[in-house]
There are 2 protein chains.
Amino acid sequence: MVNEQEFLAAYDPGAYPSVAVTVDVVALTIRDGALHLLLIQRGQPPFEGHWALPGGFVRPEEDLTASARRELAEETGLGGERLRRVHLEQLGSYGAPDRDPRMRVVSVAHLAFAPDLPDPAAGTDADAAIWLPVTALTSRQLAFDHSRIIDDGLERARSKLEYTPLATRFLAAEFTISELRAVYETVWGHPLHAGNFHRKVLSVPGFVESTGTSTERGGTRGGPRARLYRASDARLLHPALLRPAREETVR
Amino acid sequence: MVNEQEFLAAYDPGAYPSVAVTVDVVALTIRDGALHLLLIQRGQPPFEGHWALPGGFVRPEEDLTASARRELAEETGLGGERLRRVHLEQLGSYGAPDRDPRMRVVSVAHLAFAPDLPDPAAGTDADAAIWLPVTALTSRQLAFDHSRIIDDGLERARSKLEYTPLATRFLAAEFTISELRAVYETVWGHPLHAGNFHRKVLSVPGFVESTGTSTERGGTRGGPRARLYRASDARLLHPALLRPAREETVR
DNA sequence: TGAATAGTGTCTGTTAGACAGTATCAC
DNA sequence: GTGATACTGTCTAACAGACACTATTCA
């Protein structure tokens, strides 16, 4: 019987099947009232020329989520406080044996919510990176199984807006209730009743708190100046803001 | 410029950092009115003698969830129709660099809901396997980061019961409303109002459907014979069965 | 002035939860 | 019979959603 230390010293990592582990990021933001997704155009095979999620191999000594945050930083050129304001969570892992023609690759997908960001810095990477409206996705051929990962990410995003205050992560630190409503309408893809939404948001404990200030001007098409709010301390919304029941998705 | 086929032929998998990928399973069942968890006692280092989640390395050509199902089958001795009735879903991936002292290991954790099962077959594996009440977990030293995985799994289970009909997966194909209520009470850890629960379950479309039959006898402590139901076709519950608001978990 | 928006009031139907009550069965 | 359970009825408070209305601002 060997003790644990001897066992570790004699341990041969090569005895176990080798798998590459990558992270991919479904990064969402809202631009011009439409939901956008960060994509890169692949510069080398496989899937050369196809669009793909930003991502890459997990480095030694790097945690999974840290790896995703690094990939996001590289592709967006973001750093410091602005990167810290981006919400990042694990979405799920994708490991079908044939999902990458090169070798066995398990990808740990992440989901990110970002406020409106500048166009990706082209200098950081040889690949072209863009924010693409999600409505333009259907016509694109995506690399690997990224189309499925994106579908899962979008559904997770829609669901997260129901029971968490993460919609605020799409906005600047201070925002109006109308801006918050626009986030919900954009992600869910259908209009909400302005008056009811307003009352509902203010009634959920810990969702938003008043800054005491208002916007400098009214809206571009008229209307009074709106009060400004910031995200408060709730991590879950009680009661939740539920999407209207969708019979077709239930069965 | 090489074409894609030439690229793949020249590709060297060893150029990328090697990581081992495992699956671990948080398998839950209900025995004697208490929530139980499947654990194995490790027979070799690291963490020799400690209790751990069932799991193992993902095999080549094996999908992640298929791998989890195989591990579950091996440890429970289950197969065929009984295995197919077990609910299995991906929980999340755990990949902190130092979570395994041997090498970099990323574990894709899964969550399973099983009906009451016989004691694990000891013959299939050298390790001892048991169903342990989750209330007995606090006193145990668990291997790796399995304590955290279990916590995440239990919270996912509690949450899943709210908006999916998966509570039925803890029961036989036919069950009474009281048995279903017992599942909720056990997983959530507090009693529910029998009358309100009864009416609520029957009012949610697609949750349960009547078999037209009743139990042969009343309860062990008296009472009328109960009608029998089976799971119906809903995949989501609308409206959901929400846990009472827990202020402390919200902030 | 006209149109759009911010924010509030009110009404209705649905739901959660408390409570009560009746019928049935084990012991 | 006694006590526990299955199931139903009723009431109340909370909530979602529809609609209406006022005040404010831009053009």
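In what follows, every chain begins at residue 1, and chains take the letters A, B, ... in the order their sequences are listed. Quick caveat: nothing in here was measured; it's all calculated off a predicted structure.
- Applying the 4.0 Å criterion to OP1 and OP2 of D:dG17, one finds that A:Arg243 has every side-chain N and O outside that range.
- Distances were taken from every side-chain heavy atom of B:Pro224 (C-beta onward) to each of C:dT24, C:dC19, C:dG7; the shortest belongs to C:dT24.
- Judged by distance alone with a 3.5 Å cut-off, a donor-acceptor contact links the side chain of B:Arg199 to the base of D:dG9.
- Within 4.0 Å of A:Ser203, counting heavy atoms only, lies no atom of the nucleic acid at all.
- Note on A:Arg221: every side-chain N or O is 4.0 Å or more away from OP1 and OP2 of C:dA3.
- Considering all non-hydrogen atoms of both residues, B:Leu64 and B:Gln90 come closest at CD1-NE2, 4.3 Å.
- Atom NE2 in A:His193 sits roughly 12 Å away from atom C1' in C:dG9 (whole-Å rounding).
- Taking atom OH of B:Tyr163 as the reference point, atom P of C:dT15 lies 21 Å away to the nearest angstrom.
- One can place CZ of B:Phe207 at 16 Å from P of C:dT15, the figure rounded to the nearest angstrom.
- As a whole-Å value, the separation of B:His198 NE2 from D:dC7 C1' is 5 Å.
- At the heavy-atom level, B:Thr220 lies under 4.0 Å from the strands shown only through sugar-phosphate atoms.
- The phosphate of D:dA6 (OP1 or OP2) has a side-chain N or O of B:Ser178 nearer than 4.0 angstrom.
- Side-chain atoms of A:Asn196 lie closest to C:dG9 of the nucleotides C:dC25, C:dG9, D:dG9.
- The stretch residues 180-187 of chain B has no heavy atom under 4.0 angstrom from DNA chain C at all.
- Along DNA chain C, the nucleotide closest to B:Glu216 and the one closest to B:Ala240 are compared, and the more 5′ of them pairs with B:Ala240.
- Counting only heavy atoms from C-beta outward, the side chains of A:Leu37 and A:Leu154 never approach each other to under 4.5 Å.
- Rounded to whole angstrom, the span from the CG atom of A:Leu241 across to the P atom of D:dA14 amounts to 19 Å.
- At the heavy-atom level, B:Gly218 lies under 4.0 Å from the strands shown only through sugar-phosphate atoms.
- Side chains of A:Leu241 and A:Phe207 form a contact here, defined as non-hydrogen atoms less than 4.5 Å apart.
- For D:dA6, the OP1/OP2 oxygens have no side-chain nitrogen or oxygen of B:Arg217 closer than 4.0 Å.
- Electrostatic pairing of B:Arg85 and B:Glu81 does not count as a salt bridge here, judged by no charged N lying under 4.0 Å from a carboxylate O.
- Backbone-only engagement by B:Gly219 is indicated by non-hydrogen atom pairs under 4.0 Å involving sugar-phosphate atoms exclusively.
- Residues B:Arg156 and B:Glu89 have side chains in contact (heavy-atom distance under 4.5 Å, counting atoms from C-beta outward).
- Counting only heavy atoms from C-beta on, A:Pro239 has its side chain closest to D:dC15 among D:dC15, D:dG17, D:dT5.
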